[in-house]
Student: 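The following block contains the structure, expressed as structure tokens.
The analysis underlying the following values was restricted to heavy atoms, covering all of them including side chains, and did not include hydrogens, waters or symmetry mates. Note on naming: letters A, B, ... go to the chains in the order of the sequence lines (proteins, then strands), and numbering restarts at 1 for each one.
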Amino acid sequence: MSETKNSAPSRPLARTPRGFIDRRADALMAERSVVEKVLRVYESWGYERLETPSFEYADALGKFLPDQDRPNEGVFALEDDDGQWMSLRYDLTAPLARFVAQNWDGLPKPFRRCAAGPVWRNEKPGPGRFREFWQCDADCVGSARPEADAEAIAMGADAVEAAGVPRGLYVVNVSNRKLLDGLLAKIGIDAGDVRTRLGVLRAVDKLDRLGAQGVELLLGAGRKDESGDFTKGAGLNPAAISQVMAFTATRKATRKETLAALAEVVGDTELGGEGVAELAAIDATLAALGLGEDRAFFDPAIVRGLEYYTGPVFEVELLAETVDDKGQKVRFGSIGSGGRYDDLVMRFRGERAPATGFSLGVSRLVAALSAAGHAPQARSGPVVILALDADAMAGYMQMAGQLRGAGIAAEVYLGQSGMKAQMKYADRRNAPIVVIEGSTEREAGNVTLKDLNLGAELAQSIDSNEAWRKERPAQILVPRAGLVAAVQDMLKR
RNA sequence: GCCGUGGUAGCUCAGUUGGUUAGAGCGCCAGAUUGUGGCUCUGGAGGUCAGUGGUUCAAUUCCACUUCACGGUACCA
């Protein structure tokens, strides 16, 4: 029997599932270091770390219950052998609500908790948008004070800076869900008219992308996009539309001015008045914490998640210009967001537990940072010890052991190739140094060290290959006994 | 989900008005250089031309469907 190409299709294709990615050392280190820095910031604000499982029972996650009709809408879910549905968590907040409800009596309240980990969403992936990604959250459960919201905003700004975004390259845009609710009441939309309410919220949310004109269309009859697809509008009358548009125009140059403008547009409604008062308290706290307009801004058009937030909402916008590897401008969504959600724990306990928090999208932040040219530097690889003589392997392994003993990452080349290939290998590993011990060195009790970075620099001024090979730039001969000290010395350069 | 555009080597892309053996650059492997990563030169490997079906003497090329990718839009706890 001959093995032909016809048998190939039976082999599995080596590939990652759609919307999932492999991450190599560089990306991994960047992400993990961001996570650790951000968690430290959270801890410094008094938030304790908590880790909950990847899976939760579907009913505990709420909203999207897997059922006959739509078993996988939005979440990855599976049925356990006892017939119960479990879902991979889609954020860190729902598991927190479950944890708090479950441990209510044993927790100090208000309870501050921070957490980091992967979350999963079963939806259409896009550039910079995956079906598995990391979040880094801090939430405070049990305080209805606006100071708790202000704290979340200020801490979010701190966290973003700790993650490597320079001040001035981001801004936290803050609004309050109550403002829009007050406005809706004012233009005569019934609180029970969910359809119209959501239509208005969605329309306002698109202000930054579609502009005032697009929003106006969406508030009215509807809008046709570039691809010819038609989006049905909220169906408001012209008078109501102009009131909503007036609301979206209340973003002013300072928080105080925005507050004044908001008071005028929605301050005369019950909810609107509450919203303005909360924002005023937040403004005062932010000022006390030293957050000026350059870091936290009031933007009434911020909407965020639809059925979830009940009061103040905010999102971190990246101001840096970002380009992809083709040099084209890329639009990153918000890199972090948060707000007040007073009803989440209620699902479990039947009583309101006021809560507010902040969530940082780690993967997206790291992607945005590198697109903005702020990628962390690539790390140096291990010292590579060339394997030139089969009989000398034990000695090579010993050298690597000694270097590791001194805290230096080191490895012996374990392939079968010749010296040239081994040098290329070391180059590709981003090794700072190679250790060369052939028979010449060994007989004299020496080893040769080569500084690869220095060698690459020197190579630029050598154009004949003969000279390049003869000169052996950036190499030194040292006694075998002095290997570790010499390597340490060379690393210091 | 809906609308649109696309899928040719590991990557970026030519090309085939339907016709022997489908190309380039970069990358990879090797040699020039018996022990030196860069540069230069030479050679090599690597493709079911996304998949399935149809039209045809003949399909990578035309048609249909599927799938995946990209863009827009909707949804996004």
Student: Say we look at B:C41 and B:G35: how far apart would their P atoms be, to the nearest angstrom?
Tutor: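 B:C41 and B:G35 have their P atoms separated by 24 Å.
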Student: Check every strand shown and say whether A:E437 touches a base, only sugar-phosphate, or nothing at a heavy-atom separation below 4.0 Å.
Tutor: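 Since no nucleic acid heavy atom lies under 4.0 Å of A:E437, the category is nothing.
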Student: Would you classify A:A426 as touching base, sugar-phosphate or nothing, given that sugar-phosphate means primed atoms plus P, OP1 and OP2, and contacts are heavy atoms under 4.0 Å?
Tutor: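 The answer is nothing, as A:A426 stays clear of every strand by at least 4.0 Å.
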Student: Send over the distance from A:F130 CZ to B:C76 C1', rounded to a whole Å.
Tutor: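 Distance, rounded to whole Å: 17 Å.
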Student: What class does the angle between the rings of A:F358 and A:F314 fall in, given that below 30° is parallel, 30 to 60° is tilted and above 60° is perpendicular?
Tutor: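 Aromatic pair A:F358/A:F314 classed parallel.
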Student: Using the test salt bridge (Lys or Arg N to Asp or Glu O under 4.0 Å), find all partners of A:E441 that sit at least two apart in sequence or belong to another chain.
Tutor: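 Applying salt bridge (Lys or Arg N to Asp or Glu O under 4.0 Å) to A:E441 gives none.
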Student: Would you indicate, yes or no, if B:C75 has its OP1 or OP2 atom less than 4.0 angstrom from a side-chain nitrogen or oxygen of A:K206?
Tutor: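 Checking A:K206 against B:C75: at least one side-chain N or O falls below 4.0 Å of OP1 or OP2.
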Student: Taking N and O atoms by type only, does the side chain of A:Q422 place a donor or acceptor under 3.5 Å from a partner on the base of B:U36?
Tutor: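 Result: no qualifying N/O pair found.
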Student: B:G37 C1' sits how many Å from A:L449 CG, rounded?
Tutor: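 My rounded result for the distance is 16 Å.
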Student: Less than 4.0 angstrom between a side-chain N/O of A:R428 and OP1 or OP2 of B:G37, yes or no?
Tutor: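 No, outside the criterion.
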Student: Give one of base, sugar-phosphate or nothing for A:G455, where a contact means two heavy atoms less than 4.0 Å apart.
Tutor: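 Base, at least one base atom sits under 4.0 Å.
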Student: Looking only at N and O atoms, is any donor in the side chain of A:K450 or the base of B:U36 less than 3.5 Å from an acceptor on the other one?
Tutor: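 A donor-acceptor contact between them is present.
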Student: I want to verify a distance call: between B:A30, B:U73, B:G37, whose nearest atom is closest to the A:S417 side chain?
Tutor: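 My answer, after comparing the listed nucleotides, is B:A30.
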Student: What is the separation between atom NZ on A:K424 and atom C1' on B:A30, rounded to the nearest whole Å?
Tutor: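 Result: 9 Å.
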Student: If you look at every strand shown and take non-hydrogen atoms under 4.0 Å, does A:L458 touch a base, only sugar-phosphate, or nothing?
Tutor: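 If one applies the 4.0 Å heavy-atom cut-off, A:L458 turns out to touch nothing in the nucleic acid.
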Student: Report the residues that fulfil side chain to side chain contact (heavy atoms under 4.5 Å, CB included) with A:D299, sequence neighbours left out, ordered by chain and then residue number.
Tutor: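 Partners of A:D299 under the side chain to side chain contact (heavy atoms under 4.5 Å, CB included) test: A:N173, A:R251, A:A301, A:I302.
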Student: Can you tell me how far C1' in B:U21 sits from the matching atom in B:A64, rounded to whole Å?
Tutor: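 Those two atoms are separated by 31 Å.
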Student: Between B:U17 and B:U60, how far apart are the two P atoms, rounded to whole Å?
Tutor: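 Result for the P pair: 14 Å, nearest Å.
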Student: When you compare B:C65 with B:G71, how far apart are their C1' atoms, in angstrom units rounded to a whole number?
Tutor: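 Those two atoms are separated by 23 Å.
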